[in-house]
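Keep in mind that this is a model prediction, so the values were computed, not measured.
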Number of protein chains: 2
Amino acid sequence: MAMTSVQTSPLARKLSAFVTMSDVELAALEHLHRRRRSFVPGRDMVHQGQSQQAAYILLSGWVCSYKIQPDGTRQIVDFQVPGDFLGLRSVLLRTSDHSFEPIVNIEAAEVWASDLLEAFAQTPRLATAILWAASRDEAMLVEHLVGLGRRDAEARLAHFLLELGSRLTLVGMGSKEGYDCPLTQYQLADGLGLSAVHVNRVLRQLREDGLVTVREGHVAFHDYGRLVELAGFDPAYLDETGPLLK
Amino acid sequence: MAMTSVQTSPLARKLSAFVTMSDVELAALEHLHRRRRSFVPGRDMVHQGQSQQAAYILLSGWVCSYKIQPDGTRQIVDFQVPGDFLGLRSVLLRTSDHSFEPIVNIEAAEVWASDLLEAFAQTPRLATAILWAASRDEAMLVEHLVGLGRRDAEARLAHFLLELGSRLTLVGMGSKEGYDCPLTQYQLADGLGLSAVHVNRVLRQLREDGLVTVREGHVAFHDYGRLVELAGFDPAYLDETGPLLK
DNA sequence: CGCTCGATTGAAAACTGTCAAGATACGTGG
DNA sequence: CCACGTATCTTGACAGTTTTCAATCGAGCG
């Protein structure tokens with residue numbers, strides 16, 4: 001995945017889908033990408049409770065953020081895909097309450113608090129765009145919470161697969177046909193508040209109903225409309241119009 | 001940490017517990033309280049999807065924020081108690097994805113985007129303090145999500161009652177003995193992702209185990225320590241040290 | 001008084017988790 | 001090249017949790 005011109009970072013692509021970005025703002029955004037880092041699965045990028053020095057912009061690969069409970073069970077709070085920020089809030093406010101773990105090999109841009117403050121001072125519209133993206137992330141968090149509280153396993157899984165599809169489509173990595181997805185059923189289970197065994201059963205159900213197939217790292221939608229209906233998927237929370245940039 | 005000159009609002013009290021607030025900052029904060037409003041239960045303050053013109057600082061009474069699903073079920077995302085902000089993000093970013101409904105008669109201060117921007121410009125430390133409080137709110141949201149995903153009904157209810165107690169204690173409305181709480185079992189159910197019937201059963205269980213009694217608008221802790229253990233309640237996410245105020 | 005709302009309880013049904021056992025794929029060491 | 005171990009996926013049977021349905025009870029209110 002070569003990064004040749006200014007417009008190609010996933011984050012730039014995502015932000016451009018919602019707010020108009022001038023060349024100056026795009027250049028400032030690319031400048032934030034200057035410190036490249038690699039991480040491998042199996043070791044946390046940021047550990048729970050550890051106060052964080054840097055945020056990251058995910059360029060390629062998948063990450064999950066999670067919390068471990070006293071009894072050892074794990075709840076994945078969110079998955080990050082290319083174009084997503086990691087630890088944005090914590091780097092600005094010096095708080096951290098969960099861990100980040102790479103799911104596959106990842107490439108990321110390290111961003112320091114001083115980088116952000118500088119970029120925000122020089123290009124306020126970029127600041128607004130990034131904060132707006134953070135607000136959208138929180139809307140997804142709320143939707144995730146609603147799913148855990150009020151959707152049964154089938155609708156929850158369907159909703160999750162649809163939302164992930166929308167997010168990936170925004171950065172050119174998915175469509176209404178499907179997308180590549182490296183998540184194991186154990187990781188799905190930890191994200192959806194289910195057991196891995198039940199995730200497997202529900203996936204089979206969805207497949208046998210001709211709705212969606214999840215297999216060998218690929219999600220294939222077979223009947224997008226019917227899946228949307230089953231999930232009660234209303235993408236309004238993803239489609240918010242951008243902030244008023246004065 | 002006593003406040004002498006300036007009238008103390010619940011929000012001032014809460015912020016003062018975490019960051020040092022000068023008289024100037026306290027005065028600016030109180031100035032944000034100048035537009036008093038009242039609301040009554042039964043009608044939303046802000047309706048789902050409606051773009052919002054104002055935020056509110058809750059002065060007295062309880063509010064819940066919730067989302068209604070296509071199938072009609074409701075998930076309460078959070079409860080607000082005195083000293084909490086309502087719609088802070090939406091007023092700054094013109095987005096809104098859920099509804100706010102008063103649970104009892106409430107008093108609130110209406111805050112316009114221009115008020116906030118003005119206050120932030122004049123007293124940056126106040127801005128940081130408020131944004132830090134918002135970050136703490138999001139940590140609670142995450143903890144709520146973890147509870148829905150990975151705690152059974154008993155631990156979930158116990159955790160909820162404990163967290164609420166901590167929040168109320170911060171504004172002088174609760175202690176380790178208990179607190180007044182106007183929530184019905186139906187509202188608890190919608191917040192905890194349970195049925196009202198099951199909430200009732202679990203409350204009985206907790207009461208018969210000598211842990212906590214919830215009755216007639218009052219929560220009484222009988223064995224705080226054992227309840228903490230049952231809930232797996234680790235208040236670290238509430239006790240974050242304040243932001244570094246440079 | 002009749003009405004609604006909230007709390008309460010019982011019984012049955014539905015959903016989801018746990019346990020156990022295979023199956024498949026992959027990488028590593030022999 | 002094969003044997004083996006590990007990780008993931010898969011399935012069945014059973015247990016446990018939670019929901020749903022139904023009914024009762026008490027308090028507040030027009």
To the nearest angstrom, how far is [X] atom [atom1] from [N] atom [atom2]?
{"X": "B:Tyr186", "N": "C:dA7", "atom1": "OH", "atom2": "C1'", "answer": "8 Å"}
{"X": "B:Asp71", "N": "D:dT20", "atom1": "CG", "atom2": "P", "answer": "10 Å"}
{"X": "B:Glu216", "N": "D:dG28", "atom1": "CD", "atom2": "C1'", "answer": "14 Å"}
{"X": "B:Leu188", "N": "C:dT8", "atom1": "CG", "atom2": "P", "answer": "11 Å"}
{"X": "A:Leu192", "N": "C:dG17", "atom1": "CG", "atom2": "P", "answer": "10 Å"}
{"X": "A:Leu183", "N": "D:dA7", "atom1": "CG", "atom2": "P", "answer": "18 Å"}
{"X": "A:Arg151", "N": "C:dC15", "atom1": "CZ", "atom2": "P", "answer": "17 Å"}

Please write out the pairs of protein N or O atoms and N or O atoms of nucleotides 12-17 of chain D separated by less than 3.5 Å, giving the distance to one decimal.
residue : atom : partner  : partner atom : Å
D:dA13  : N6   : A:Arg201 : NH1          : 3.4

Looking at [Y] and [X], is any side-chain nitrogen of the basic one under 4.0 Å from a carboxylate oxygen of the acidic one?
{"X": "A:Arg167", "Y": "A:Asp137", "answer": "no"}
{"X": "A:Arg37", "Y": "A:Glu107", "answer": "no"}
{"X": "A:Arg34", "Y": "A:Glu110", "answer": "no"}
{"X": "B:Arg151", "Y": "A:Asp71", "answer": "no"}

- Answer with yes or no whether the side chains of A:Tyr237 and A:Glu163 bring together a donor and an acceptor at under 3.5 Å. yes
- Query: Can you find a side-chain donor-acceptor pair between A:Tyr66 and A:Gln187 that sits under 3.5 Å?
  - Reply: no
- Message: Check the phosphate of D:dT8 against A:Arg215, side-chain N and O only, distance under 4.0 Å to OP1 or OP2. Yes or no?
- Response: no
- Item | Distance test, side-chain N/O of A:Asn200 to OP1/OP2 of D:dT10, below 4.0 Å | yes
- Query: Between C:dT16, D:dT18, C:dT18, which nucleotide has the shortest distance from any of its atoms to the side chain of A:Leu194?
  - Reply: C:dT16
- Query: To the side chain of B:Arg207, which of D:dT19, C:dT8, D:dT8 is closest?
  - Reply: C:dT8
- is_close_aromatic(B:His222, B:Tyr224), centroid dist under 6.0 Å: no
